[in-house]
Amino acid sequence: MRVTLVRALLAACLAVLALAQAAAAASPEKLLAKHQPVTVFTPGESFRPTTVETFVADSNLEALTGANILTDWTVVNPAPQPDTLPISSPTLLRLNQRTCSPALGLAGLSCYLSSWSAHDAASVAYGRVMTVGDKTVLQYWYFYYDNFYSYTYPPSGFIWQAHEGDWEVVNVVLSAQDDEPLFVGYSQHCFGETRDWAKVPRWRGRHPVVYVAIGSHANYLEAGTHAIDTRCIPPQAVALLQQFGLPLPVDFTGEGARSGPEALEAEATAVVPATDASPNWIRFPGFWGELQYFHAPTIGTVPFGLSPVGPAFHGVWQDPLGTLGGWPAG
């Protein structure tokens, strides 16, 4: 009977320990708050990451109804709502800002800025937590009204690229066993950059610092001038620059305004939870904006692509560790 009593006491102690460990385990919301990035914007940057609700409210929902992807778009809903956006469609869809166009260059930039500012919308990051094997991936998705990349800094109308809607992401990868950070992955154009946690610039030891490039909103680990991966530059643009004897484009980052956790005592960025199914707009399969445009001397302004798709349709959402494994280490 004494052995049975000892076993019972041992089992009870183990049960209490398990409950204590479960209670101590950080919730997704706590993990996202614990490692929320501090974003540092380049002086002269017009935009901040914001809610998608206002962008949707300013847009028409359009469907491609013909063979010409440049012109054959038809309005199917002039007043779309984020919680009722289609989650599947037999045709291509896009959200198109009603009053602004990226084809206008600097004039378009001011239009988007006016449209965004009119809502006085909060600064927002959409936070996602995903466990993959022995690792936990924290993702912070940032949405901007407009992407206006200028070849020069400060921005000018000389050579530029622009599109509506801009999605960027910062990844913090933890050990699933003890929630200790291992490395980060910052999005940059069509790829990104990773770095071991020990070498990441941080605020208060646990919040990674992110330097946001002016216009493009690519994310970097330091302030300064950064080469853009040539795989992300259209070959036609490379050829044009070579024709003029100009260097390849670079991103510009600098020490400007900061935003992030409330304790930063700067602009606070709220972290809104996101999953594969929530909010509803996560499953919207369309483009967040109209066409992309490129402008340069001799050729003028020409369309050369579409605006980005939403987070759930990016490789780093669908296969975070596999995608981050393909990004170069910085």
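Throughout, numbering of the chain's residues begins at 1 and tracks the sequence. Atom set for the values below is all heavy atoms of this structure, side chains included, hydrogens, waters and symmetry mates excluded. Keep in mind it's a predicted model, so treat the numbers as computed, not measured.
Note: F287 CZ to L64 CG = 9.0 Å, rounded to the nearest 0.5 Å. Between atom NE2 of residue H189 and atom NE2 of residue H217 there is a gap of 11.0 Å, rounded to the nearest 0.5 Å. The structure places NZ of K199 at 14.0 Å from CZ of F183, a figure rounded to the nearest 0.5 Å. Atom-to-atom distance recorded for N96:CG and E62:CD is 4.0 Å, nearest 0.5 angstrom. The distance from the CG atom of D229 to the SG atom of C190 is 5.5 Å, given to the nearest 0.5 Å. Interatomic distance, I228 CD1 to I233 CD1, rounded to the nearest 0.5 Å: 5.5 Å.
For T323 (side chain) and G315 (main-chain N/O), a donor-acceptor pair under 3.5 Å exists by modelled atom type. Remark: side-chain polar atoms of D72 are paired, donor with acceptor, to backbone N or O of N68 under 3.5 angstrom. The closest donor-acceptor contact from the side chain of S115 to the backbone of C111 lies at 3.5 Å or more, if one exists at all. A donor-acceptor pair under 3.5 Å is formed between the side chain of T253 and the backbone N or O of E222. At distances below 3.5 Å, at least one donor-acceptor pair connects side-chain atoms of T275 with backbone N or O atoms of S278. A donor-acceptor contact shorter than 3.5 Å is absent between the side chain of S216 and the backbone of Y149. For N280 (side chain) and L85 (main-chain N/O), a donor-acceptor pair under 3.5 Å exists by modelled atom type. A donor-acceptor pair under 3.5 Å is formed between the side chain of S307 and the backbone N or O of E164. The closest donor-acceptor contact from the side chain of Q36 to the backbone of T269 lies under 3.5 Å. No donor-acceptor distance shorter than 3.5 angstrom exists from the side chain of S156 to the backbone of T152, with no hydrogens or angles considered.
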Problem set entry | Step-by-step side chain to side chain contact (heavy atoms under 4.5 Å, CB included) determination, L61 to F284 | CA-CA 11 Å; L61 178 63; F284 172 61; 3.8 Å; yes
For this session: Just do the salt bridge (charged side-chain N to carboxylate O under 4.0 Å, His left out) check on E255 and R258 with the steps written out, would you?
Result: CA-CA 8 Å; E255 295 281 359; R258 296 187 169 214; 3.3 Å; yes
For this session: In sequence, state the C-alpha distance, the side-chain angles, and the governing distance for W327 and V316, and then conclude on side chain to side chain contact (heavy atoms under 4.5 Å, CB included).
Result: CA-CA 10 Å; W327 290 1; V316 72; 4.2 Å; yes
Problem set entry | Steps toward side chain to side chain contact (heavy atoms under 4.5 Å, CB included) verdict (D179, L31) | CA-CA 8 Å; D179 290 339; L31 281 178; 3.8 Å; yes
For this session: Please lay out, stage by stage, how F304 and Q236 fare under the test side chain to side chain contact (heavy atoms under 4.5 Å, CB included).
Result: CA-CA 10 Å; F304 75 95; Q236 303 93 321; over 6 Å; no
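For the pair Y153 and P43, the minimum side-chain heavy-atom distance is below 4.5 Å. Within the 4.5 Å cutoff, the side chain of V52 has heavy atoms near those of the Y126 side chain. Considering only heavy atoms from C-beta on, P285 stays 4.5 Å or farther from V309 through its side chain. Side-chain contact check for D251 versus T225: every heavy-atom pair is 4.5 Å or farther apart. Between L109 and Y145 the shortest side-chain heavy-atom distance does not fall below 4.5 Å. At least one side-chain heavy atom of W116 sits under 4.5 Å from a side-chain heavy atom of L113. V38 has its side chain out of reach of R204: every pair of non-hydrogen atoms, C-beta onward, lies at least 4.5 Å apart. Side-chain contact between I69 and L92 is present, with heavy atoms from C-beta onward closer than 4.5 Å.
The environment of CD in Q243 is crowded: more than 12 heavy-atom neighbours from other residues, nucleotides or ligands sit within 6.0 Å. Residue Q318 places its CD atom among more than 12 non-hydrogen atoms of other residues, nucleotides or ligands, all under 6.0 Å distant. Counting heavy-atom neighbours within 6.0 Å of D120 CG, excluding the residue itself, gives a total of 12 or less.
Two different hydrophobic clusters hold L306 and V75 under the rule that ILVMFWY side chains link at heavy-atom gaps under 4.5 Å. Note on V210: it does not cluster hydrophobically with L264, by side-chain heavy-atom contacts below 4.5 Å among ILVMFWY residues. Note on V173: it clusters hydrophobically with W141, by side-chain heavy-atom contacts below 4.5 Å among ILVMFWY residues. In the hydrophobic clustering of ILVMFWY residues, with side-chain heavy atoms under 4.5 Å counting as a link, F313 and Y140 come out together. No single ILVMFWY cluster, assembled from side-chain heavy atoms under 4.5 Å apart, contains both F252 and Y211.
T54 and H119 form no side-chain donor-acceptor contact under 3.5 Å, judged by distance and modelled atom types alone. Side chains of Q161 and H295: no donor on one and acceptor on the other come within 3.5 Å. Side-chain atoms of Q188 and E193 form a donor-acceptor pair, as typed in the model, at a separation below 3.5 Å. In this structure, a donor-acceptor pair under 3.5 Å is absent between the side chains of E290 and Q97. With hydrogens and angles left out, the side-chain atoms of H163 and D146 include no donor and acceptor closer than 3.5 Å. Checking S187 against E168 by side-chain atom types alone, a donor-acceptor pair falls below 3.5 Å. Looking at W73 and T65, their side chains never bring a donor and an acceptor atom within 3.5 Å of each other. Side chain to side chain, S259 and T39 meet the donor-acceptor criterion of an N or O pair below 3.5 Å. Of the N and O atoms on the side chains of E180 and S175, not one donor lies less than 3.5 Å from an acceptor on the other residue.
Counting all heavy atoms, side chain and backbone alike, G254 lies closest to T42 at N-OG1, 3.3 Å. Across L240 and A296, no two heavy atoms sit closer than the pair CD2-CB, 3.2 Å. Between S123 and A268, the shortest heavy-atom distance links the atoms CB-O, 3.6 Å. Taking all atoms of both residues into account, the shortest heavy-atom contact from C232 to P234 is O-CD, 3.8 Å. Considering all non-hydrogen atoms of both residues, P208 and V184 come closest at CB-CG1, 4.4 Å. Scanning both residues, A213 and E45, for their nearest heavy atoms gives O-OE1, 3.9 Å.
For the pair R128 and W317, the cation-pi criterion (under 6.0 Å, within 45° of the ring axis) is fulfilled. W288 does not carry R94 over the face of its six-membered ring by the limits of under 6.0 Å from the centre and within 45° of the normal. In this structure, R231 satisfies the cation-pi test against F191, with its NZ or CZ atom closer than 6.0 Å to the six-membered ring centre and inside 45 degrees of the ring normal.
Taking the six-membered ring where the residue is Trp, the centroids of F148 and W160 are separated by under 6.0 Å. Y186 has its ring centre no less than 6.0 Å from the ring centre of Y220. In summary, the aromatic rings of W167 and F143 are positioned with their centroids under 6.0 Å apart.
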